[in-house]
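Note that the structure is predicted; figures quoted are calculated from it, not measured. Whatever order the structure lists ligands and atoms in, that order sets their numbers, starting from 1.
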Amino acid sequence: MKEVIHNVFIIEREGREILATKSKYGSHYGERKIGEFREWIPSRSKLAAMILKGHIIDIKPDWKVLYLGAASGTTVSHLADIVDEGIIYAVEYSAKPFVKFLQLAEERRNIIPLLEDASTPWKYNGIVEKVDFVYQDIAQKNQIEIFFANIDMFLKDGGEGVIMVKARSIDSTAEPEVVFERVVEELGEKLEVIAHGSLEPFHKDHIYVHVRKTK
Ligand SMILES: C[S@@+](CC[C@H](N)C(=O)[O-])C[C@H]1O[C@@H](n2cnc3c(N)ncnc32)[C@H](O)[C@@H]1O
């Protein structure tokens, strides 16, 4: 068993190595509970896929996080295991997944659920404070613009962010590689790009981009 970051472990199960978070909570989306661990399934969570692809961000237990595109909380549930002394402000604009997400937020004291549109961040400006980390996973054509707007408003100087990008949601006709090149270039105009890479084979035609806000 190896601890990758706070509360994130590679554990052995039936002769295979799997990713898991140490958690005092039960299963949220059908993932296996193995003793004190919850399996973190990379095909269900892009953050798990990124870590398993070898890109590890040292997320600290006391970090404040702004999470855009919470859906029903699959990834948020694991992130909440990691920032167990911190807080996650989690934005989702669709009422359907939000209902299940609310159940998670009710049992976890470190999740603040916000039924809001991430493209209008000024609407939650009075609730969300300055954060250490912005995570975005929304398949929208203008996702870069949304990411910039939230980073401008909420990310501390020197803070980090990750955006998960699906090529087809930005341009359904161009080759994914061309879209990704454009995205990384655009992000690099305003932010320091720390790393980027593919999420294959877990998520087809998706990349992660890890950035830092510099003054
Ligand atoms: C790919 S799913 C997110 C999955 C989730 N991040 C996870 O790993 O568990 C994308 C979510 O983003 C939400 N979304 C898309 N555009 C949004 C916006 N402008 N504001 C808030 N949520 C948005 C969708 O409703 C959907 O639930």
Have Tyr208 and His203 got a donor and an acceptor in their side chains that come within less than 3.5 Å? no
With respect to [X], determine whether any N or O atom, backbone or side chain, lies less than 3.5 Å from an N or O atom of ligand 1.
| X | value |
| --- | --- |
| Ala118 | yes |
| Asp117 | yes |
| Gly69 | yes |

To the nearest 0.1 Å, how far is [atom] from its closest protein heavy atom, and which atom is that?
| atom | result |
| --- | --- |
| atom 8 (O) of ligand 1 | Thr75 OG1, 2.5 Å |
| atom 16 (N) of ligand 1 | Gln140 NE2, 2.9 Å |
| atom 12 (O) of ligand 1 | Ile138 CG2, 3.2 Å |
| atom 24 (C) of ligand 1 | Glu92 OE2, 3.5 Å |
| atom 10 (C) of ligand 1 | Asp137 O, 3.3 Å |
| atom 1 (C) of ligand 1 | Lys46 NZ, 3.6 Å |
| atom 22 (N) of ligand 1 | Tyr93 N, 3.3 Å |

Looking at Glu116, which atoms of ligand 1 are within less than 4.0 Å of one of its heavy atoms?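 In order of numbering, the contacting atoms are 20 (N), 21 (C).
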Give a yes/no verdict on whether any heavy atom in Gln143 is under 4.0 Å from an atom of ligand 1.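 Outside the 4.0 Å threshold, so no.
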Any Tyr67 heavy atom less than 4.0 Å from ligand 1: yes
Using a 4.0 Å heavy-atom cut-off, which part of Met164 comes near ligand 1: side chain, backbone, both, or neither?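 Neither part.
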